[in-house]
Amino acid sequence: MPINPFVKMTATIIKSLFSPSACKMYPVEKPVFYANTRGHIAIQTDKCTLCTLCAKKCPTYAIMVDRNAKLWKIERTKCIMCLNCVYACPKKCLTNENQYSSPVTVKTQEVFNITPPAPAQVAEPCGQKETTT
Ligand code: SF4
Ligand code: SF4
């Protein structure tokens, strides 16, 4: 015999009244950030080589790389935290930080000055090493 919907609803209401609330009293109760919470993208500016791969892989065009001006920019309101840029970066200088970035009321770009690492020293060809006498 099917349960009367009214009885079912009343049982749900009574159960809810005596259960702890599923809602958090934010901002009094602080949110919990887990290790893999997708918060915001961070960059280690001293490792970036301005290769532009992250910008090419970004589906929302949130990242812009200006090689001439040595700037790396991100528009956080466009970022959907897909982490494509993190996986694409050959230098592993992009990371997912588990804290959310601050809310904004206007669309802005965060701009980072990049100091690319110096190119690796090229080893001298064999047989051409200077010798002292
Ligand atoms: S996480 Fe995704 S959307 Fe955000 S900047 Fe990286 S590639 Fe673009
Ligand atoms: S953050 Fe990584 S992928 Fe993006 S330009 Fe720099 S080195 Fe290249």
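Just so you know, ligand 1 is whichever comes first in the structure, and atom 1 is the first atom listed for that ligand. Index from 1, following the sequence.
Ligand 2 places these atoms under 4.0 Å from at least one heavy atom of Cys54: 1 (S), 3 (S), 4 (Fe), 5 (S). Below 4.0 Å from some heavy atom of Cys48 lie the following atoms of ligand 2, by number and element: 1 (S), 5 (S), 6 (Fe), 7 (S). Interface of Thr60 with ligand 1, defined as ligand atoms under 4.0 Å from a residue heavy atom, comprises 3 (S). Those atoms of ligand 1 that come under 4.0 Å of a heavy atom in Cys85, given as number and element, are 1 (S), 5 (S), 6 (Fe), 7 (S). Listed by atom number, the atoms of ligand 1 under 4.0 Å from Ile80 heavy atoms are 3 (S), 4 (Fe). Close contacts between ligand 2 and Leu50 involve ligand atoms 5 (S), 6 (Fe) [criterion: under 4.0 Å to a heavy atom]. For ligand 2, the atoms lying closer than 4.0 Å to a non-hydrogen atom of Pro90 are 3 (S). Shown in contact with Met81 at under 4.0 Å from a heavy atom are these atoms of ligand 1, numbered in order with element: 1 (S), 4 (Fe). Contact atoms of ligand 1 toward Cys58: 3 (S), 5 (S), 7 (S), 8 (Fe) (distance under 4.0 Å to a heavy atom of the residue). For ligand 2 and Leu94, the ligand atoms under 4.0 Å from any heavy atom of the residue are 1 (S).
Proximity of Cys93 to ligand 2, defined as any heavy-atom pair under 4.0 Å, is confined to the side chain (atoms from C-beta onward). At a heavy-atom cutoff of 4.0 Å, ligand 2 is contacted by the backbone of Thr52 but not by its side chain. Heavy atoms of Ile63 found under 4.0 angstrom from ligand 2: none, in either backbone or side chain.
Annotation: the span from Leu17 atom CG to Thr12 atom OG1 amounts to 11.0 Å, rounded to 0.5 Å. Residue Lys91 holds its NZ atom at 13.0 Å from CD1 of Ile43, rounded to the nearest 0.5 Å. If you take CD1 on Ile63 and CD1 on Ile74, they are separated by 5.0 Å, rounding to the nearest 0.5 Å. Distance SG/Cys58 to CD1/Ile80: 7.5 Å, rounded to 0.5 Å.
Put simply, the side chain of Ser21 gets close to the backbone of Cys23: a donor and an acceptor are under 3.5 Å apart.
Using modelled atom types and a 3.5 Å distance limit, the side chains of Glu97 and Thr95 yield a donor-acceptor pair.
The closest approach between any non-hydrogen atom of Ala55 and ligand 2 is not below 4.0 Å.
One of the N, O or S atoms belonging to Cys79 lies under 2.8 Å away from atom 4 (Fe) of ligand 1. Atom 6 (Fe) of ligand 2 has no N, O or S atom of Cys51 under 2.8 Å away, backbone or side chain.
Ranking the protein heavy atoms by distance from atom 1 (S) of ligand 1 puts Leu83 N, 3.2 Å first. Among protein heavy atoms, atom 2 (Fe) of ligand 1 sits closest to Cys82 SG, 2.3 Å.
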(request) Show your working on side-chain contact (heavy atoms from CB on, under 4.5 Å) between Trp72 and Thr52 and close with a plain yes or no. (result) CA-CA 9 Å; Trp72 187 91; Thr52 73; over 6 Å; no
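Classification of Arg76 and Glu110 as a salt-bridged pair holds, one side-chain N sitting under 4.0 Å from a carboxylate O.
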